[in-house]
Amino acid sequence: MALADPAYPASKLFDQISEGLNQMDEKEKKENMKKVNGIFEMRLKNKEGKESTWTIDLKKEGKVYKGPAKPKADVTISLADQTFTDLKDGRVNGQKAFMSGKLKVKGNIMLATKLDTVLKGAQAKL
């Protein structure tokens, strides 16, 4: 099932993360989950100002799905669709985006710093 939503161009990244996780063998996936050990709830806002949510679970199941985290997320990250694309492409880092107010974090802020690890790990598998 595709996770991407055409109204949110950056949401294609959730398909890439999911595909990256699916291509890992069990041992590699478990190591990745142990390294990150968290559930990210990602809230993207598109150009029209609408918000949609995806969850990256690297704590319990090692999967990505559309919708709010179940159970509760360890960290909720809210950002514009374009900012998510810029993070993925390395045009901006998470800390700069946070400091400039382009990325908002609720919950475990230290876990939010591992988002780069998640993005790079998934892309490495593709």
Open item on the list: Working to the nearest 0.5 angstrom, can you tell me the gap between K104 NZ and R43 CZ?
Closed with: 12.5 Å
- [ ] Without swapping roles, check the side chain of D81 against the backbone of L44 for a donor-acceptor pair under 3.5 Å.
- [x] no
- [ ] Only counting residues at least two apart or in another chain, list the ones meeting salt bridge (Lys or Arg N to Asp or Glu O under 4.0 Å) with K59.
- [x] D74
- [ ] Answer yes or no: is there a side-chain heavy-atom contact under 4.5 Å between L79 and M42?
- [x] yes
Task: side-chain contact (heavy atoms from CB on, under 4.5 Å) assessment of V92 paired with L103 - done: CA-CA 11 Å; V92 68; L103 184 150; over 6 Å; no
Open item on the list: Are K88 and K12 packed together at the side-chain level, in the sense that at least one heavy-atom pair is separated by less than 4.5 angstrom?
Closed with: no
Task: Heavy-atom side-chain contact between M33 and M24 under 4.5 Å - done: no
Task: Minimal non-hydrogen separation, S11 against A4, with atom names - done: OG-CA, 3.4 Å
Open item on the list: Assigning hydrophobic clusters by single linkage (Ile, Leu, Val, Met, Phe, Trp, Tyr; side-chain heavy-atom cutoff under 4.5 Å), is L111 placed with L115?
Closed with: yes
Task: Minimum heavy-atom distance A97-T83, with the two atoms named - done: CB-CG2, 4.2 Å
TODO: Verify the distance criterion only: is there a donor paired with an acceptor across the side chains of N93 and Q95 at less than 3.5 Å?
DONE: no
Task: Minimum heavy-atom distance T55-P68, with the two atoms named - done: OG1-C, 3.3 Å
TODO: Without swapping roles, check the side chain of E41 against the backbone of A69 for a donor-acceptor pair under 3.5 Å.
DONE: yes
Task: Heavy-atom donor-acceptor pair, W54 side chain to L3 backbone, under 3.5 Å - done: yes
- [ ] Classify the side-chain pair S52/K66 by whether it contains a donor and acceptor separated by less than 3.5 Å.
- [x] yes
- [ ] Indicate yes or no for a side-chain donor-acceptor contact from S18 to the backbone of V64 under 3.5 Å, with no hydrogens or angles considered.
- [x] no
TODO: Test E31 against every option in K29, K27, K34 by the side-chain hydrogen bond (donor to acceptor under 3.5 Å, both in side chains) rule and name the one that passes.
DONE: K27
Task: CA sep, side-chain torsions, deciding dist, call: K70, D57, side-chain contact (heavy atoms from CB on, under 4.5 Å) - done: CA-CA 9 Å; K70 292 177 188 98; D57 177 350; over 6 Å; no
Task: Working for side-chain hydrogen bond (donor to acceptor under 3.5 Å, both in side chains), residues N32 and E28 - done: CA-CA 6 Å; N32 220 351; E28 192 177 7; over 6 Å; no
- [ ] Flag the pair L58 / L21 as yes when at least one side-chain heavy-atom distance between them is below 4.5 Å, and no otherwise.
- [x] yes
